[in-house]
There are 2 protein chains.
Amino acid sequence: MDRIDYQILSTLHDNARITISEMSRMIAMSQPAVTERLRKLEEQGVITGYRAEISPSKLGKHTTAFVLFKSNNCKEFEVFGEATPEIVDLYRTGGEYNYLLKVVTETSETLETFLETCNNFGFSSTLVVLSTRFEDKSLVGSTE
Amino acid sequence: MDRIDYQILSTLHDNARITISEMSRMIAMSQPAVTERLRKLEEQGVITGYRAEISPSKLGKHTTAFVLFKSNNCKEFEVFGEATPEIVDLYRTGGEYNYLLKVVTETSETLETFLETCNNFGFSSTLVVLSTRFEDKSLVGSTE
DNA sequence: CCTGAAAATATATCGCC
DNA sequence: GGCGATATATTTTCAGG
């Protein structure tokens with residue numbers, strides 16, 4: 001993992017659909033060499049995937065919240081988490097609560113319905129997101 | 001936005017680097033038609049970007065935490081948030097705290113240093129992530 | 001590990017329905 | 001909106017340093 005690998009990671013973090021040819025021009029290296037480096041970064045698990053970012057509001061999902069959760073039946077709760085489309089992220093945490101969920105719903109009413117379902121599994125505390133300042137800041141600094 | 005648009009979104013959410021030709025085969029539509037639909041989805045802001053997912057641990061970042069924050073100088077705090085590479089996500093929230101941060105650091109020691117810096121801006125409460133069950137579940141159901 | 005060249009794919013841009 | 005055809009660009013593959 002040298003500086004060129006970091007440049008590749010940084011570039012793909014900004015735009016995962018860039019062509020390898022264009023990247024190879026940006027970083028002044030032949031296109032087959034970039035292809036091979038990229039293949040290795042994927043193989044080693046440094047890059048775990050590529051995803052399109054989709055605007056929740058354009059899909060009618062206008063409410064985002066984080067829910068702290070305390071469950072005493074973790075297996076059951078995780079099955080529920082997997083099966084529930086509103087739960088976008090699911091983290092196991094230390095401290096008073098044992099789960100943190102990111103939840104995306106259509107309106108605050110839909111969020112309320114979701115939270116009522118949650119009450120079947122334990123105790124929760126909700127933080128409503130008013131706005132997102134930024135998300136997914138790059139882990140690789142521009143000069144690494 | 002019909003069923004085909006949802007198929008395009010779902011496919012790109014799973015793999016943002018798929019070729020349009022391959023997508024056009026999967027959804028049985030001509031390549032120029034898929035290209036045109038994709039162009040419109042980007043133009044309308046339904047798709048806001050494409051990013052590579054990078055494994056924090058492969059970059060030596062082994063600690064993730066969420067930090068609840070109460071600041072009484074929001075402008076100052078947001079400038080700090082932008083400038084601080086450890087802060088990966090920054091949300092404005094309602095309730096007792098006014099910010100929620102996702103923080104990624106190398107070790108728990110680096111997290112501690114970060115939290116000490118934070119104390120200059122207000123009061124915080126930290127939830128350490130033990131493990132991530134899943135992240136970025138698709139907002140578009142497979143049959144929409 | 002990288003380059004350069006050639007063959008196989010993919011994309012952009014037509015005119016047409 | 002979508003299709004087919006074609007010109008341009010990109011990716012894959014591989015011999016050679």
Side-chain angles (χ1 to χ4, degrees), chain A residues 1-62 106 136 138-144, chain B residues 1-61 136 138-144:
Chain A
M1 288 267 296
D2 59 6
R3 208 181 57 81
I4 292 176
D5 284 330
Y6 279 107
Q7 280 185 265
I8 293 174
L9 293 177
S10 176
T11 306
L12 286 171
H13 183 269
D14 288 352
N15 174 19
R17 279 186 72 77
I18 193 175
T19 64
I20 292 175
S21 309
E22 197 174 332
M23 252 199 295
S24 76
R25 282 185 291 257
M26 286 167 64
I27 67 189
M29 175 177 274
S30 79
Q31 178 264 316
V34 176
T35 303
E36 180 60 12
R37 277 167 176 268
L38 183 52
R39 195 192 61 72
K40 281 184 186 154
L41 288 168
E42 291 170 350
E43 194 182 66
Q44 297 172 271
V46 180
I47 297 174
T48 55
Y50 302 97
R51 26 189 60 145
E53 299 228 308
I54 294 162
S55 161
S57 66
K58 298 280 177 174
L59 299 183
K61 318 250 180 181
H62 299 285
E106 299 183 13
D136 294 312
S138 180
L139 294 177
V140 331
S142 42
T143 50
E144 286 181 276
Chain B
M1 289 267 295
D2 59 7
R3 207 180 57 81
I4 291 176
D5 284 329
Y6 279 107
Q7 281 184 264
I8 292 172
L9 293 178
S10 176
T11 305
L12 287 170
H13 184 269
D14 288 353
N15 175 17
R17 279 187 73 76
I18 193 175
T19 63
I20 292 175
S21 307
E22 196 174 333
M23 251 200 295
S24 77
R25 270 168 266 162
M26 285 168 64
I27 67 189
M29 176 176 271
S30 77
Q31 174 263 312
V34 175
T35 303
E36 179 60 13
R37 277 169 176 266
L38 183 52
R39 194 192 61 72
K40 280 184 187 155
L41 289 168
E42 290 169 350
E43 194 183 66
Q44 295 169 219
V46 180
I47 297 173
T48 54
Y50 303 96
R51 34 188 51 148
E53 299 227 309
I54 294 163
S55 161
S57 65
K58 299 280 177 175
L59 298 183
K61 318 250 179 179
D136 294 311
S138 179
L139 294 177
V140 329
S142 43
T143 50
E144 285 180 274

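Just so it is clear: chains get the letters A, B, ... in the order the sequence lines come, proteins before strands, and each one is counted from 1.
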Between atom [atom1] in [X] and atom [atom2] in [N], what is the gap in whole Å?
{"X": "A/Arg37", "N": "D/dT11", "atom1": "CZ", "atom2": "C1'", "result": "19 Å"}
{"X": "B/Leu38", "N": "D/dG2", "atom1": "CG", "atom2": "P", "result": "13 Å"}
{"X": "A/Arg3", "N": "C/dC1", "atom1": "CZ", "atom2": "C1'", "result": "17 Å"}
{"X": "A/Arg39", "N": "D/dT13", "atom1": "CZ", "atom2": "C1'", "result": "13 Å"}
{"X": "B/Glu36", "N": "D/dG4", "atom1": "CD", "atom2": "P", "result": "17 Å"}
{"X": "A/Met29", "N": "C/dC1", "atom1": "CE", "atom2": "C1'", "result": "8 Å"}

### Summary
Per-nucleotide protein contact along nucleotides 10-17 of chain C, 5' to 3', at a 4.0 Å heavy-atom cut-off (B base, S sugar-phosphate only, - neither), is SBBB----
### Message
Just so I know, are the side chains of A/Tyr6 and B/Leu59 near enough to count as touching, which here means a heavy-atom distance under 4.5 Å?
### Response
yes
### Query
Looking just at side-chain N and O atoms, do B/Gln31 and B/Thr35 make a donor-acceptor pair shorter than 3.5 Å?
yes
## Note on the structure
The single option from A/Thr19, A/Leu12, A/Ile47 that satisfies side chain to side chain contact (heavy atoms under 4.5 Å, CB included) with B/Arg17 is A/Leu12
### Message
With salt bridge (charged side-chain N to carboxylate O under 4.0 Å, His left out) as the test, pick out the partner of A/Lys40 among A/Glu36, A/Glu43, A/Glu42.
### Response
A/Glu36
May I ask you to decide if [Y]'s main-chain N or O and [X]'s side chain share a donor-acceptor pair within less than 3.5 Å?
{"X": "B/Asp5", "Y": "B/Ile8", "value": "no"}
{"X": "B/Ser24", "Y": "B/Ser21", "value": "yes"}
{"X": "A/Thr48", "Y": "B/Glu53", "value": "yes"}

### Message
Just N and O in the side chain of B/Lys40: are any of them under 4.0 Å from OP1 or OP2 of D/dG1?
### Response
no
#### Entry: Atom pair CG/NZ of B/Leu41 and A/Lys58 - distance to nearest 0.5 Å
11.0 Å
### Task
Have a look at the helix from C/dC1-D/dG17 to C/dC17-D/dG1 and give the angle its two end axes make, five pairs each, rounded to 10 degrees.
30°
